[in-house]
**Q** 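Submitted below is the structure of interest, expressed as structure tokens.
In the text below, chain A, chain B and the rest are named by the order of the sequence lines, each starting its count at 1.
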Amino acid sequence: MSVWRSPLFLSGFLIIVSLFLGSIIYSHFVPNEKQPVMQIRFDEQKQPIDSAPLAPFKEMPFGTDRFGVSILHKVIDGAKYTLGFAFLIAFARLFFGTLLGLILSQLPKPVLRISSKLFESFYYAPATIVAYLLIYPVLQIFTWSVPKEQQTIFSMMILILIAVPTVMVTVANETSKFLENEFISSVKVLGGGRIHKLRKHVLPYLKPRLSILYSQQLIATLLLAAHLGILQVFIGGTDFVTLDPLENNTVPVAMINEWSSMIGANYYQIRGDRWIVFAPLAGFAVTILALNFMVEAMKRQYLAKGAYTKRSRKVRKVKAPLQVKKLSQEQFDRIMKTGTDN
Amino acid sequence: MYLLVLRRIVYFLMPIVGVFFIGALPYLFFSNVQGIEAVARLLESGALTNALFLNQDLGLFFEPYLDKIWDLLINLVTFSNVTFYEYQQEKLLFPTILKPYFYSIKLVLGAFFLAIASSIILALIIKILPDRIQKGIRFLFFSLESLPDIFIVVIIQYSMILYVRNTGNLLFPIVHSDQNPSYFLPIFCLSILPTLFLIRTLLFLLDDEDSKMYVEFARAKGIRYALVLYIHMLRNSLLSLFYYSKNVYWLLISTLFMVETIMAIPGITDFMLDNGPTTPDVITVSVLLMFVPFYLLFTLSSYILEYKLGRNDEEVA
């Protein structure tokens with residue numbers, strides 16, 4: 001059974017795809033210039049009764065932020081940035097990690113073991129803090145000595161590089177374990193070279209594992225982005241808006257409606273106007289849940305071990321009913337007479 | 001034999017050396033780290049409002065990187081104290097870092113033990129439930145595990161606020177203050193994700209145990225399933241649970257950061273974030289402080305398990 005027929009995988013996949021494509025289509029029809037804005041709410045007598053940020057379920061479905069922009073609009077519009085960004089980063093992580101991992105698996109055994117132990121520390125060090133330490137100076141301290149594009153490229157590179165060692169070691173270990181199989185030595189005997197072994201034997205074996213790893217890296221990227229958002233490091237770029245010139249009240253504002261920066265930029269409002277933070281957080285939760293559904297379905301399919309389901313020991317046999325032969329009267333008579341039908 | 005011991009020692013030390021590679025990363029990417037440090041210090045003290053003048057190249061600088069790693073290694077092996085900069089004065093790292101460190105370690109250890117205890121109890125309860133309910137609960141827990149850690153912490157904090165608003169009494173302090181240090185809520189928040197992970201793993205191991213001969217034999221003798229579960233299956237799968245303690249540590253550390261940021265706890269990650277930009281060495285020392293005790297624990301337990309069960313780490317993972 002293909003993984004595409006599992007309802008768990010399909011539901012996760014549909015959620016992700018509809019979020020991503022829905023966001024692109026939505027922002028095609030409702031660009032940011034036409035975004036729903038309501039700064040002041042009036043009652044029937046045209047009396048102002050409320051001002052932004054408006055609470056949810058009154059006029060705007062999820063309320064508005066403090067500039068009066070609908071949160072629902074921001075969340076739908078931001079999905080394509082957050083998801084697209086995560087797709088890109090996770091793909092780059094996997095690409096470089098796999099490449100380096102395959103190379104690493106061809107090196108002598110002690111090198112593989114020592115490097116896998118060395119890079120184990122990347123797994124234990126808090127990734128958020130390391131990423132923050134490297135991205136923060138570029139985005140906030142020497143902002144002027146590096147052009148804007150280079151800043152973005154650099155922060156993306158950091159987000160990629162931070163996970164490459166772990167992916168690399170995982171792939172290398174997986175590959176070298178696979179190469180210990182007995183049929184690999186027959187491949188060698190029959191004249192298969194290194195490249196042949198990698199292309200014809202290792203890659204087909206790795207493919208399902210890589211798709212699991214891809215979804216896991218997507219989850220890790222999303223979490224990392226959310227954490228960095230809380231630390232006021234916005235991936236889409238930061239603007240500063242002065243709310244009250246007299247009180248030196250300047251707040252960082254994200255340049256695009258990306259979810260993690262929405263959380264970070266409005267985090268100080270969580271005690272009062274919590275819906276501004278909860279809506280993008282819920283977006284993250286739904287996305288990660290959908291991705292986990294996909295991971296779970298793929299794990300059950302490819303690795304034959306699921307995370308939450310009980311593995312049943314009984315193999316259900318499907319009893320197909322015997323096909324009934326249609327006989328003509330002539331054939332029937334012949335069978336009754338001779339015992340065979342020809 | 002000597003070679004074997006030497007190899008073990010090298011493998012043992014490698015992850016610790018790796019931490020130095022992480023801590024010195026700014027030196028790999030920035031040409032002028034001293035400049036960043038100095039400017040960060042001035043920005044912190046308020047003497048500067050921008051850093052227009054700072055010239056900085058981005059790239060890969062292997063030589064200063066390796067130099068820095070070597071310097072730090074020598075520094076720590078000879079137990080010389082690292083200085084860092086806070087509130088416009090140079091301070092020694094070592095007595096200062098201990099206070100946030102002990103706070104964090106209390107939280108992490110508390111969450112670790114809470115997670116182990118609650119996951120064992122919950123897993124055993126789930127395991128004896130009827131099949132249908134069990135399936136539903138497993139799915140529920142699996143879904144809960146997918147929630148991002150920020151979401152969990154924020155929701156718990158907010159539900160505490162709602163409770164206070166409706167009833168008027170505060171169950172637990174939701175934010176840290178020096179007069180009123182908060183322990184229970186951070187530990188609770190920290191332990192949720194590890195608990196869910198451990199429940200899943202333990203159920204997985206127990207399911208594995210289900211198909212073994214001794215369970216069927218005991219059932220055939222007429223012993224109740226619950227009894228076999230509590231006494232034999234639990235004992236057999238608890239040992240294997242230790243192989244997953246590394247993942248638990250990872251979950252704890254990544255959530256610790258979120259809990260400390262949201263609940264304003266002056267713990268080790270908070271210390272790292274405050275002083276990391278001005279002194280990168282702080283990161284190395286703090287990661288080492290958090291990592292090494294747990295690493296020793298894991299290594300020790302994995303050797304004991306290897307001795308007892310005759311399997312080793314690589315085979316299981």
**Q** Please classify the contact of Leu144(B) with chain A as side chain, backbone, both or neither, using a heavy-atom distance under 4.5 Å.
**A**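 Leu144(B) has no heavy atom closer than 4.5 Å to chain A.
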**Q** Compare all side-chain heavy atoms of Phe21(B) with those of Phe119(A) and state whether any distance is below 4.5 angstrom.
**A**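 They are not in side-chain contact.
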**Q** Considering only heavy atoms, which portion of Ile219(A) lies under 4.5 Å from any heavy atom of chain B: side chain, backbone, both, or neither?
**A**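 For Ile219(A), neither part sits under 4.5 Å from chain B.
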**Q** Check whether Ile283(B) gets within reach of chain A through its side chain, its backbone, both or neither, counting any heavy atom under 4.5 Å.
**A**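 Side chain of Ile283(B) only, per the 4.5 Å heavy-atom cut-off to chain A.
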**Q** Looking at chain B, which one of Glu120(A), His227(A), Met157(A) has the largest number of heavy-atom pairs inside 4.5 Å, strictly under?
**A**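 Winner by heavy-atom pair count: His227(A).
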**Q** Quick check: do Asn292(A) and Ser143(B) have side-chain heavy atoms less than 4.5 Å from each other?
**A**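 Not touching, per the 4.5 Å side-chain cut-off.
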**Q** Which answer fits Thr261(B), side chain, backbone, both or neither, if we ask what part of it has an atom under 4.5 Å from a heavy atom of chain A?
**A**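 For Thr261(B), side-chain heavy atoms alone lie under 4.5 Å from chain A.
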**Q** Under 4.5 Å, counting heavy-atom pairs only, tell me which of Ala285(A), Pro165(A), Ala226(A), Ser121(A) racks up the most with chain B.
**A**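 Counting heavy-atom pairs under 4.5 Å, the top option is Ser121(A).
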**Q** My understanding is that only one of Phe291(B), Tyr295(B), Trp250(B) makes a ring-ring contact (aromatic ring centres under 6.0 Å, His included) with Tyr124(A); could you say which?
**A**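 Of Phe291(B), Tyr295(B), Trp250(B), ring-ring contact (aromatic ring centres under 6.0 Å, His included) with Tyr124(A) is met by Phe291(B) alone.
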**Q** Relative to chain A, which segment of Val19(B) carries a heavy atom at a distance below 4.5 Å: side chain, backbone, both, or neither?
**A**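 It is both, since atoms from each part get that close.
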**Q** Tell me, side chain or backbone of Tyr249(B) under 4.5 Å from chain A's heavy atoms, or both, or neither?
**A**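 Just the side chain, heavy atoms under 4.5 Å.
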**Q** Using non-hydrogen atoms only, which part of Tyr158(B) is less than 4.5 Å away from chain A: side chain, backbone, both, or neither?
**A**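 It is the side chain, since no backbone atom gets that close.
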**Q** What part of Leu289(A) gets closer than 4.5 Å to chain B, counting heavy atoms only: side chain, backbone, both or neither?
**A**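 Both backbone and side chain.
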**Q** Counting neighbours of CG on Leu3(B) that are heavy atoms of other residues, nucleotides or ligands and sit closer than 6.0 Å, is the number greater than 12?
**A**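 Not more than 12 within 6.0 Å, no.
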**Q** Are any of the side-chain heavy atoms of Ile158(A) and Phe29(B) separated by less than 4.5 Å?
**A**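 Yes, their side chains come closer than 4.5 Å.
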